[in-house]
Every structure is written in C-alpha cells, then in structure tokens.
Amino acid sequence: MALPAQDLDELRSAFPAWSIFRSDGGAYYGSRRAVRLSARQIDAGFQQTVSADDVESFVTQLQAQDELGMKS
C-alpha cells in the first residue's frame with residue numbers, strides 16, 4: 001500500500017535537512033541534503049542515508065540522527 005503524498009510531505013516538512021522518498025517496494029529512504037559527512041562524523045555514528053521498512057522505524061532513525069547532530 002502506498003503512503004499518501006501528504007504523509008511524505010509531512011515527513012519532508014518535519015525533517016527539512018533530509019531528502020525523503022519511498023521506494024516502489026515500500027521502503028523509506030532519507031539522504032542528507034547538501035552534506036558530505038567526514039570520516040570522523042561517520043565514526044561517531046552519523047549516516048549519510050538511512051532507510052527502514054516502516055514509517056515508525058524511519059522516523060526513529062531520523063530523530064536519532066538529528067539528536068546526534070545536536071551533541072556534536
């Protein structure tokens with residue numbers, strides 16, 4: 001079942017630093033916008049792209065990435 005476009009728009013509004021889309025297979029993907037992570041950031045747990053099979057897990061990953069950014 002496809003997620004309604006407005007729900008994807010809500011995700012995009014909630015996480016503007018991420019380019020968010022849903023694959024034909026239903027997985028959610030988010031890639032950082034205009035950011036190239038350094039090796040140090042990757043070692044600290046930052047991810048350039050996150051993905052999940054359900055929206056709840058996807059939002060959890062995006063929130064964790066945002067929280068990581070606030071600590072650095």
Side-chain angles (χ1 to χ4, degrees):
M1 171 172 60
L3 188 71
Q6 69 266 21
D7 289 344
L8 282 176
D9 289 341
E10 288 176 22
L11 286 171
R12 291 175 182 134
S13 292
F15 300 97
W18 296 83
S19 176
I20 295 174
F21 67 96
R22 192 164 186 208
S23 72
D24 290 341
Y28 295 87
Y29 289 89
S31 292
R32 293 179 186 274
R33 290 182 182 274
V35 173
R36 183 172 295 268
L37 297 175
S38 68
R40 180 180 289 193
Q41 288 171 311
I42 293 169
D43 290 344
F46 287 80
Q47 296 179 332
Q48 189 71 43
T49 301
V50 296
S51 66
D53 290 330
D54 61 83
V55 70
E56 292 84 8
S57 298
F58 183 62
V59 167
T60 298
Q61 288 187 51
L62 291 172
Q63 289 171 333
Q65 288 293 299
D66 282 354
E67 288 172 14
L68 243 175
M70 289 180 204
K71 293 177 185 175
S72 59

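In what follows, residues are counted from 1 in the order of the sequence shown.
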To the nearest 0.5 angstrom, please state how far the [atom1] atom of [X] sits from the [atom2] atom of [Y].
X   : Y   : atom1 : atom2 : result
F21 : L8  : CZ    : CG    : 10.5 Å
L62 : Q47 : CG    : CD    : 10.0 Å
W18 : F58 : CH2   : CZ    : 8.0 Å
S19 : Y29 : OG    : OH    : 13.5 Å
R36 : Q41 : CZ    : CD    : 12.0 Å

### Query
Are any side-chain N or O atoms of Q48 and backbone N or O atoms of I42, one a donor and one an acceptor, separated by less than 3.5 Å?
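Absent.
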
With sequence neighbours left out, what residues match [X] under side chain to side chain contact (heavy atoms under 4.5 Å, CB included)?
X   : result
S57 : A52, D54
V59 : L11, F15, V55, Q63
D53 : A27
A17 : none

### Message
Going by the rule side-chain hydrogen bond (donor to acceptor under 3.5 Å, both in side chains), which residues pair with S31 if we only count those two or more places apart in sequence or in a different chain?
### Response
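T49.
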
### Query
For Q65, what residues pass the side-chain hydrogen bond (donor to acceptor under 3.5 Å, both in side chains) criterion, not counting sequence neighbours?
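R32.
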
### Message
Regarding R40 and D43, does a basic nitrogen lie under 4.0 Å from an acidic carboxylate oxygen?
### Response
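So R40 does not pair with D43 through a salt bridge.
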
